[in-house]
Structure formats: C-alpha cells, structure tokens
Amino acid sequence: MNSPLKVAVLGCGSVGSQVVRLLGEQADDLAARVGAPVQLAGVAVRRLDAPREVDVPAELLTTDAAALVARDDIDLVIEVIGGIEPARSLILSALENGASVVTANKALLAEDGPTLFEAAEKAGRDLYYEAAVAGAIPILRPLRESLAGDKVTRVLGIVNGTTNFILDKMDTQGSGFADALEEAQALGYAEADPTADVEGFDAAAKAAILASLAFHSRVTAADVHREGITDVTAADVRSAREMGSVVKLLAIAELVPSADPAEDAGVSVRVHPAMIPRSHPLASVREAYNAVFVESEAAGQLMFYGPGAGGSPTASAVLGDLVTVARNHRQGTRGVGESAYADRAVLPMGETRTRYHVAIDVDDRAGVLAAVAQAFAEHGVSIQTVRQEGRGNDAQLVVVSHEASDAALAATVEQLRDMEIVREVTSVMRVEGTEE
Ligand SMILES: NC(=O)c1ccc[n+]([C@@H]2O[C@H](COP(=O)([O-])OP(=O)(O)OC[C@H]3O[C@@H](n4cnc5c(N)ncnc54)[C@H](O)[C@@H]3O)[C@@H](O)[C@H]2O)c1
Ligand SMILES: N[C@@H](CCO)C(=O)O
Ligand code: NA
C-alpha cells in the first residue's frame, strides 16, 4: 500500500463531526478507493472541551486552524467551519502549502469563488465543493463533468430545505407563514435566526454557484436577484392551489436568448417564490427535500433529488469529493478546475422575461375587466388567462400573463394598485415551469 494521505478537518460541528465519523468507519474502503490510506491528522475546533457528536483523540484536536493547515505533512484539507473568515484565509493557506481542499462553504464560494479557484489553479491543486449546493445530491459534478459536452439552458432548483418545508406546510395544512416557520423551528429545520433561509440568502448563494457551473461564467451572490418567502401569504398558496399549482422558492438560472440565434443575450439568475404546476416534477418535492431540475439542449430534462442538508448527508458529498481529490493528489494530477471561458453577462432582473399571476379584488360592474385588461395592455403585457371569482363586493379577478419583461409586469401591478376600481391587489407571484 502507498503511504498514507494526511487529512486536516477544519470545524467539527454538524458536518465536520460526521466527516470525522465516516473517515474512521469507512477507512478500509476509502483506502481501497483512493489507493492509499486516508489518515485523520488533525481536527481544528473552536473549543477543546466542547461536547461533540464524535470522539476525536485528544492529540488530534487543536484550536489553531492556521497552524494546522500550514503543517508540511498535510495533504488534504476539509473546510467545514463556514462563513467568510477565517475560512477563506485557511483555504488559501492550505492551497499555498500544497494541500488539496474540499469545502462545503456555499457562502464563501458565492462571494469570492474566483479568488479560491485562482489560488487552486496557481497551486496546481484541487478545490472541490459538491456539498455546498443541495447537500448530498450530486449536482455540481454532473454539471461540471457529466454535462460538459452539452449546452445547459436552464437550471431550476429547490435548494433550501427549510423554506421548502415551510411552503409545503402552508400548502398541505393551510398554515400561515408564521405558524409554518414555528413548526420548522420546533423540528430543528429552521435556525433560531432563520434569516439566511427565509430571506433567500442561502438559496441565492447556491444559485450563483449553479449558474457559474451551468453557464461557464462567473456569477457571484451579489449578481443574484433575491426575494425570500416572508411575504408569501395563505391567500397566495390558496390561489396557486385553485390554478392547479403550488408555491415553491426557486433558484433559477437560465440562458436568455437574443435576437441573433447564434448568440445569447446573457443569463438571468434569481431566487424568488413562484407558482409551478402540480404536474411539474419539482412540485412533488415535499418537506425539507431538495431537487434540481436541469434542461439542456441534447439531454433534455434531468432531475436530481434528495436530502439537501443534515450532517450525515452533507458529509457523504464531502467524502465523495475527498476520494476524488485524494486520488488526484496521490497521482500528482488535478481534476477539472474553474471553467469561466463563456464570460456571460448577468442581466438585470427588469430585463428578465417572466410571467405573473395577479389576484385583484375589484368592484363587480361593467367595464372593470376592460379597465384591468387595459392596464396590462398599456405596458405591453399580454394576458394568457383571466377568471373571475365571487360576485358583488367579493369579486376577484385572477390574471395570468404571458411572458413579458419583469419591469413591465412590475409597472403593471403598480398601476393596478393605483386604480380606483381596484380595491386591493391580493396576490402577485411569478409563474414558472410552464410552456408558454
Ligand atoms: N449543516 C448542513 O446541513 C449543511 C449542508 C450543506 C452545507 N453546509 C455547510 O457546511 C459548513 C459547516 O456547517 P455546519 O452545519 O457543520 O456548521 P456548524 O456550526 O455545526 O459547525 C461549524 C463548526 O466550526 C467551528 N468553528 C468556528 N470557527 C472555527 C475556527 N476558527 N476554527 C475551528 N473551528 C471553528 C464551530 O465551533 C462549529 O463547531 C458551512 O459552510 C455550511 O454552509 C452545511
Ligand atoms: N439551511 C439550509 C441547509 C444548508 O444549506 C437548508 O435549509 O436547506
Ligand atoms: Na451537492
């Protein structure tokens, strides 16, 4: 057998503890798959005496992560601390010292991925991060490797388990957002501070990573249009149900065509709640599960489904990467690095073409429908369907538009809100996953 590869694990929380457990339990199989034993050489923690989900020999624990990654004998570094600093400095230092790196850190990759990729390139080492998007689900490697010969045109993902759980409860139990969030917290899905999940920051980081890989371009979290689910009401969810749809928080990355068929105009990358038909494969993704739906020119439609979070599922993705980078490291080669040659521009949200569902409480009298239709027409927005519900003081018009620029749709809704015949615009939501 070849001499062992030495691994440093940075952070021993939910994911780190499961990585350490699996490194021990699967040691023989990992050695066979890598072609050399993979030996745990150090675990950086914040406190030596903190309770942990896994037993780590005391001599392997250290609170000095910087010194651990600077050690000459470390071949592989697994970063599962999270956040921007010190994670970024530690990864850069590990690469400079000749180690290959596996990380689950979506926030860092989405904020400053190119700095890390350039450092990996310069060092001739690997930087792998399958766990950063949709936890255990293999999605980054399929985009980066399996689909490298195809042209991806759209990625639609349910990439945040907490928000999917909340929206699922709102749909199946008729709960309001606050009650569904409370249930998610009681079950341990949502954090005490749920901002990153419910405001869409977590999904936006993942959208940036997916878009970068799918479209061979650099997309950062700052480029992603982001709306969370805090304004989704029970009325929105009911309205979706009446149309045979369901509300999901989607991470969307799509190629936007231009007038010249040989060239695209750029990419649209966004996270927002949307209504999708119940017949769409993503509609069946329940509770805290994740799924990523990919459309490409040659392959057609693909769906990747599974647990998007949790210590053990996420550790599965980390160890999958570890086996690959360990094998490369041993053989003195590296895997596929960053591919950003296409350098596509991210279009402003206003230029993105979307469809809207708008529910409007109106007076039930002659000319009202015509006036509402006129507001859409003034902004060049074509209506696909309109239906009336209720009568008299309870009349409601539900309009679904054809595709139009998001700016035109938003302006239409603004105008509706100002109209005298409109009592209230009760629900505005984008519609996705349908053929025009
Ligand atoms: N938990 C999940 O389901 C999940 C899923 C996908 C990706 N991730 C990512 O995995 C990473 C880790 O997440 P987690 O859920 O395990 O978080 P966690 O908070 O449970 O664990 C992080 C650990 O790092 C430790 N730490 C903080 N600063 C440190 C330092 N300077 N040196 C050493 N240790 C330090 C903390 O004490 C903590 O134990 C994050 O980037 C996260 O986004 C997590
Ligand atoms: N908080 C995330 C898990 C880690 O990405 C979720 O709810 O899916
Ligand atoms: Na993944």
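Whatever order the structure lists ligands and atoms in, that order sets their numbers, starting from 1. All residue numbers refer to positions in the sequence shown, counting from 1. These numbers come from the heavy atoms of this one structure, side chains and all, not from hydrogens, waters or symmetry mates.
In terms of protein heavy-atom proximity, atom 9 (C) of ligand 1 is nearest to A104 O, 3.3 Å. At the shortest separation from atom 3 (C) of ligand 2 among protein heavy atoms lies A309 CB, 3.5 Å. Among all protein heavy atoms, the one lying closest to atom 21 (O) of ligand 1 is G13 CA, 3.3 Å. The shortest contact between atom 16 (O) of ligand 1 and any protein heavy atom is with V15 N, 2.9 Å. The protein non-hydrogen atom at the shortest distance from atom 7 (O) of ligand 2 is T162 OG1, 2.5 Å. Here the heavy atom of the protein found nearest to atom 8 (N) of ligand 1 is K106 NZ, 3.8 Å.
For the pair K248/L156, no side-chain contact is recorded, criterion being any heavy-atom separation below 4.5 Å from C-beta on.
Remark: ligand 2 atoms within the under-4.0 Å shell around heavy atoms of G161 are 6 (C), 7 (O), 8 (O). Shown in contact with D202 at under 4.0 Å from a heavy atom are these atoms of ligand 2, numbered in order with element: 2 (C), 5 (O). The atoms of ligand 2 that sit less than 4.0 Å from any heavy atom of K106 are 4 (C), 5 (O). Residue A44 has at least one heavy-atom neighbour below 4.0 Å for each of these atoms of ligand 1: 33 (C), 34 (N). For ligand 1, the atoms sitting less than 4.0 Å from at least one non-hydrogen atom of A309 are 3 (O), numbered in the order shown with element in parentheses.
A salt bridge does not link R355 with E432: every distance from a Lys NZ or Arg NE/NH1/NH2 to an Asp or Glu carboxylate oxygen is 4.0 Å or more. Ion pairing of R270 with E227 is absent here, as no side-chain N (NZ or NE/NH1/NH2) approaches a carboxylate O to less than 4.0 Å.
For the Na ion (ligand 3), the count of nearby protein N/O/S atoms, taking only those under 3.0 Å, is 5.
Here K206 has side-chain heavy atoms under 4.0 Å from ligand 2, and that is the only part of it that gets that close. Only the side chain of D197 comes within contact range of ligand 2, with a heavy atom under 4.0 Å; no backbone atom does.
The closest approach between a heavy atom of P86 and any atom of ligand 1 is below 4.0 Å.
For ligand 2, the polar-atom distance check finds no N/O of Y189 at less than 3.5 Å from any of the ligand's N/O atoms.
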